[in-house]
> 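I have a structure here, written as structure tokens, and I will follow up with some questions on it.
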Amino acid sequence: MTKSPFFSDSELDSVRTQRLVDEALHGMEDGELYLQYAQSESFSFDDGRLKNAAFDTAKGFGLRAVEGDVSGYAHSSELSEAALKRAVETVQTIKSGKDVHLALHPKGTNEKLYSDENPLGGVSFKDKIALLEEINAYARQKDPKVCQVSCSITGEWQNVEIIRPGGHRVRDIRPLVRLNVSVVAQDGERMESGYQGVGGRYDYHQLLTRENWQGQADEALRQALVNLDSVAAPAGEMDVVLGPGWPGVLLHEAIGHGLEGDFNRKGTSAFAGLMGQQIAAKGVTVVDDGTLPERRGSLNFDDEGTPTSCTTLIEDGILVGYMQDRMNARLMGVDATGNGRRQSYAHQPMPRMTNTYMLAGEQNPEEILAGVKDGLYAVNFGGGQVDITNGKFVFSCTEAYLIKNGKIDAPVKGATLIGNGADVLTKVSAIGNDLELDAGVGICGKAGQSVPVGVGQPTLKVNGLTVGGTEG
């Protein structure tokens, strides 16, 4: 691991910083100093030319003190002792004078889920631009119907250090890269698009292989051509088969957020008070796993210093766990699960998902499809909306097909899935043996903060789901 940038290249002194942390959190139940140094870059190619190239460096700290369910937080982009002293004064304003004890530090771990090398090095600016040009040319020559290609590369490198009272420290270096390809195809006056992306916690050399970027371009083109042949989607209640992998985003939004600790402690989740009860069909097991090597949502430890874990949320249909940060876990009398996450040093941590997915069942996907007489096969999703308090959701399908007499039929356009998260898992009637994780492009928003996440699932059959369509 490279040397710390927080004490060698700033006005901060390691020993005096520790003393200030000890002072700030004296008489508090919990808290930490979160130090962050980040580099990020992005390159986008559109309409046959480079449209954007950006590079950014950010650094700063966030100091948090916690007592009960109240927290004091101060952050600054100035890494100096003077700024830290001002932060100490700010966070201590919540101190009540009650006789409280500092929570135990998170247990350490030697787990390394990704390299600590900076992924932004190793591939030159010139080579990145040349690769985007090559992706553009490749996609355009694949089919005469292609009329527009957009592609982008993004990379990020974060150096994080968390300091607690008494000298407890952990440090992590986090790489993150992503490649996106979008293709628009035209047939007469009709134009349709397709999109595919891939990414994870590794470097550009792994991301930008010819096999990888050609695969993304081929898939984006395939989707665009399929959508050119799509017909208007029907509307009504029908059986829906969800494809493996990325369709797990519906599980993430409709179910996952409702199983985060803060919503359940406050009683605002549709799943509050249901621990130990049957909330899904038998056979449904859902986990949140932050320990998968190089996955987009994985972390060696979360943004409070707790090692990530594989947390079982639903087991054989029974609610058995929530995702917890330290504060909500302490207030609920359970262990933290390594799900305390924040967007940056300027944000406080809260319970968030990492990689959330449903485990595989035993049925072959072909058998599941064969059991549907008239229904919808949803393969890819775009945007969606969810109300955490009641679990109601609406998701738009970017690739879906009619199912007729057990066989995949015509592609459809404009299909939306409408339902209730607390209800939809009870309607699962078949679970495939083909668990897949998404390709590594997930971004989750909550309370104004965005963090990278992963999703996944096997093929699923859901009975009687409402489909909104455009057929009329």
> Tell me whether the count of non-hydrogen atoms from other residues, nucleotides or ligands lying under 6.0 Å of NZ in Lys446 goes above 12.
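Enclosed.
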> Tell me whether Lys373 at atom NZ has more than 12 heavy atoms from other residues, nucleotides or ligands lying less than 6.0 Å away.
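Incorrect, the count does not exceed 12.
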> Report the residue from Arg342, Arg341, Gln343 that forms a side-chain contact (heavy atoms from CB on, under 4.5 Å) with Arg352.
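Checked Arg342, Arg341, Gln343 against Arg352; only one passes side-chain contact (heavy atoms from CB on, under 4.5 Å): Arg341.
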> Do Glu192 and Lys413 meet the salt-bridge criterion of a basic N to acidic O distance under 4.0 Å?
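Yes.
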> Can a donor-acceptor pair be found, under 3.5 Å and without considering hydrogens, that links the side chain of Asp316 to the backbone of Gly283?
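Judged by distance alone, yes, a pair lies under 3.5 Å.
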> Among Gln39, Lys59, Arg171, which one satisfies side-chain hydrogen bond (donor to acceptor under 3.5 Å, both in side chains) with Asn159?
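Passing option: Arg171.
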> Quick one: are Ile162 and Phe301 in side-chain contact, heavy atoms under 4.5 Å?
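Heavy-atom side-chain distance check passes, below 4.5 Å.
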> Kindly say whether Glu367 contributes a backbone atom to a donor-acceptor pair with the side chain of Asn364 at under 3.5 angstrom?
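A pair under 3.5 Å: no.
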> For the residue pair Tyr37 and Trp157, does the interplanar ring angle fall in the parallel (under 30°), tilted (30 to 60°) or perpendicular (over 60°) class?
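Perpendicular: the ring planes of Tyr37 and Trp157 meet at over 60°.
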> Just by distance, with hydrogens left out, do Asn227 and Gln223 show a side-chain donor and acceptor under 3.5 Å apart?
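Short answer, no.
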> Within the 3.5 Å criterion, strictly below it, is a donor on Thr311 or Asp288 matched to an acceptor on the partner's side chain?
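On atom types as modelled, these side chains do not qualify, holding no pair under 3.5 Å.
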> Does the distance from a Lys or Arg side-chain N to an Asp or Glu carboxylate O, for Arg295 and Asp438, drop under 4.0 Å?
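Judged by the 4.0 Å cut-off on N to carboxylate O distance, Arg295 and Asp438 do form a salt bridge.
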> Which pair of non-hydrogen atoms, one from Tyr114 and one from Asn300, has the smallest distance, and what is that distance?
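Taking Tyr114 first and Asn300 second, the nearest heavy atoms are OH-N, 2.9 Å.
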> Decide whether Thr308 and Asp302 meet the rule of one side-chain donor and one side-chain acceptor closer than 3.5 Å.
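The criterion, which ignores hydrogens and geometry beyond distance, is not satisfied for Asp302 and Thr308.
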> Answer with yes or no whether the side chains of Gln348 and Ser71 bring together a donor and an acceptor at under 3.5 Å.
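Yes.
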> Would you say the side-chain atoms of Asn264 pair up with the backbone N or O of Ala272, donor to acceptor, closer than 3.5 Å?
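Between the backbone of Ala272 and the side chain of Asn264 there is a qualifying donor-acceptor contact (under 3.5 Å).
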> Could you verify whether a donor N or O on one side chain and an acceptor N or O on the other, from Asp218 and Tyr138, lie under 3.5 Å apart?
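Yes, a side-chain donor-acceptor pair sits under 3.5 Å.
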> Rounded to the nearest 0.5 Å, how far does OG of Ser344 lie from CG of Asp303?
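One finds 9.5 Å between CG of Asp303 and OG of Ser344.
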> For the residue pair Gln158 / Asp172, report whether a side-chain donor-acceptor contact shorter than 3.5 Å exists.
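No donor-acceptor contact under 3.5 Å links the two side chains.
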> Could you check whether Lys266 pairs with Asp262 (Lys NZ or Arg NE/NH1/NH2 to Asp/Glu carboxylate O, under 4.0 Å)?
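Between Asp262 and Lys266 there is no salt bridge, as every charged N stays at least 4.0 Å from the carboxylate O atoms.
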> In Å, rounded to the nearest 0.5 Å, how long is the span from CG of Leu425 to CG of Leu251?
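Taking CG in Leu425 and CG in Leu251, the distance rounds to 6.0 Å.
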> Answer yes if the side chains of Asn380 and Thr398 hold a donor-acceptor pair under 3.5 Å, and no otherwise.
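Distance-only check fails for Asn380 and Thr398.
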> Hey, could you give me the CG/CG distance between Leu176 and Asp203, rounded to the nearest 0.5 Å?
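Spacing of CG (Leu176) from CG (Asp203) equals 12.5 Å.
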> Are any of the side-chain heavy atoms of Val287 and Tyr357 separated by less than 4.5 Å?
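Yes, at least one pair of side-chain atoms sits under 4.5 Å.
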> As an exercise, state the distance from CZ of Arg178 to OG1 of Thr154, rounded to the nearest 0.5 Å.
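Going from the CZ atom of Arg178 to the OG1 atom of Thr154 covers 6.0 Å.
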> On a heavy-atom basis, which atom in His252 and which in Cys444 lie closest, and how many Å separate them?
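What the structure gives for the nearest pair is NE2-SG, 3.4 Å.
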> With a 6.0 Å cut-off (strictly less than), is the heavy-atom count around CG of Asp335, excluding the residue itself, greater than 12?
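No.
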> Tell me if the CD atom of Glu362 is crowded by more than 12 foreign heavy atoms within 6.0 Å.
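Counting other residues, nucleotides and ligands, CD of Glu362 stays at 12 neighbours or fewer.
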> Could you check whether any side-chain N or O of Gln278 sits under 3.5 Å from a backbone N or O of Ala280, counting only pairs where one atom can act as donor and the other as acceptor?
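Pair found, side chain donor or acceptor close to backbone of Ala280.
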> Rounded to the nearest 0.5 Å, what separates atom CD in Glu67 from atom CE in Met327?
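It is 12.5 Å, given to the nearest 0.5 Å.
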> To the nearest 0.5 angstrom, please state how far the OG1 atom of Thr306 sits from the NE2 atom of His105.
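It comes to 12.0 Å.
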